[in-house]
There are 2 protein chains.
Amino acid sequence: MTKKLLLISNSTNAGEAYLGWPQSFIKAFLEKHSVTEVLFIPYAGVSLGADLQSSYDNYEARVAGVFSALGVTLTSVHRCKEPLKAAMKAQCIAVGGGNTWHLVNELHRTGLMSVIRERAVSGMPYMGWSAGSNVACPTLMTTNDMPIIQPPSFNCMGLIPFQINPHYLDKNPEGHGGETREDRIREFLVINPGMKVAGLREACLLEVEGDTMLLKGAHQLRLFEAGKEPVEYPENSDLSQLLK
Amino acid sequence: MTKKLLLISNSTNAGEAYLGWPQSFIKAFLEKHSVTEVLFIPYAGVSLGADLQSSYDNYEARVAGVFSALGVTLTSVHRCKEPLKAAMKAQCIAVGGGNTWHLVNELHRTGLMSVIRERAVSGMPYMGWSAGSNVACPTLMTTNDMPIIQPPSFNCMGLIPFQINPHYLDKNPEGHGGETREDRIREFLVINPGMKVAGLREACLLEVEGDTMLLKGAHQLRLFEAGKEPVEYPENSDLSQLLK
């Protein structure tokens, strides 16, 4: 019944191989939990093909290639005749990035949101990157993505009690006058003052095992709370207190 | 019964005065339509004060200062005892930028969404910047903002038949691996293939008068449609065909 989560900010650093930087972390996570087969959730990937079906097919092929090199078989849920049954018996579930809104819509529509949640709470290893980390949070409200579809609810799995902002960015592009990411997170905290938001920079992840959570990867994490100055936690911090 | 819209990408260019660049366009719009009093909608401004009420107060003061210099009185709807009546008799309505989600939530909650829509369709001059331009579109789906609150609906006023993406940006910040704005708009078009999206760069606006729409400001506009390469329209283009 120990929760096992690998919540990754981003699949790919600019200019690097797909799922390149987190590969060693994924490998260690899968080995530690003796995972040989992964069920993949492709619903965030809407624009990898000429239509949704081929987008999911292409997404599966892309991710399966990476996992295959780690000796692990990966199958996408969009090809399962009974998606809920597949989720109920999966050894491990990996939720890919892309568009959080479409992912949330499909997870609610199919019923997978609650089934995956129950499995992850019961100890099934869960892995997500970008949108796949967003949906492990209480809501989708700290996504960066464009709301291309209206889901029935903004609620997500709540596998952790705080919000992640993946791909956290410190600055705007040169000369851009729009709100910074920090401005937007501050707006979120005005309306949702009881929440905490972890700004998870690219090339970083959070690994949860039971009551323990560690920050791994190349950068600090920036934590936001209402009415407080943001706090920076260094690489490899133990952030278990955020799980309380 | 001629529609009169001024749909502005952004209030402020980086490093410039608040509402600086669009000021001459706002002045000309107000003069052309003989506007002496403006009703302001502050609901997108959630983080300009210690709480929402003071945020609205501060937002009103900031915008009223700019309009006052143009010889126009501006009053915020949050101080009106009867907001719907105020909207029904307003000479002109200006909707400020900030967080589109909070704006849409409040417009639906108060009933202002449909009242302002009816007034603008009936010829009352309507002006918006950033989130204020988003809500003139059929839906909020091409906002860049963080979904800090779940509105009852994503539907907006539909004063124009296409979507605007304000603050349109061509590139990611150096070294950032997330989706570009263009990637996100392409995702939108996968799910909403019948729509068109105007990437409205900062320091640009669209001015609508009846069946005529002109692009004004410093940059080209990038138009996205499903299954087509994006098209660039030069500064000062007549884009009236997008209203059909």
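The chains referred to below are lettered A, B, ... by the order of the sequence lines, with proteins before strands, and numbering in each begins at 1.
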Identify the residues of residues 9-30 of chain B whose heavy atoms come closer than 4.5 Å to a heavy atom of chain A, ordered by number, or report 'none'. B:Thr12, B:Ala14

Sub-4.5 Å heavy-atom contacts with chain A: which residues of residues 218-237 of chain B show up? none

Sorted by number, residues from residues 192-208 of chain A in contact with chain B (heavy atoms, under 4.5 Å): A:Asn192, A:Glu202

Identify the two heavy atoms, one from A:Val190 and one from B:Val46, that lie closest to each other, and give their separation to 0.1 Å. CG1-O, 3.5 Å

Parallel, tilted or perpendicular, as decided by the 30° and 60° cut-offs, for the rings of A:Trp101 and B:Trp101: parallel

Among the options A:Ala50, A:Ser130, A:Gly98, A:Gly97, pick out the one with the most heavy-atom pairs lying under 4.5 Å from chain B. A:Gly98

In residues 140-152 of chain B, which residues are in contact with chain A at a heavy-atom separation under 4.5 Å? B:Leu140, B:Met141, B:Thr142, B:Thr143, B:Asn144, B:Asp145, B:Met146, B:Pro147, B:Ile148, B:Ile149, B:Gln150, B:Pro151, B:Pro152

Interchain contact, A:Leu189 with chain B, by part (heavy-atom threshold 4.5 Å): neither

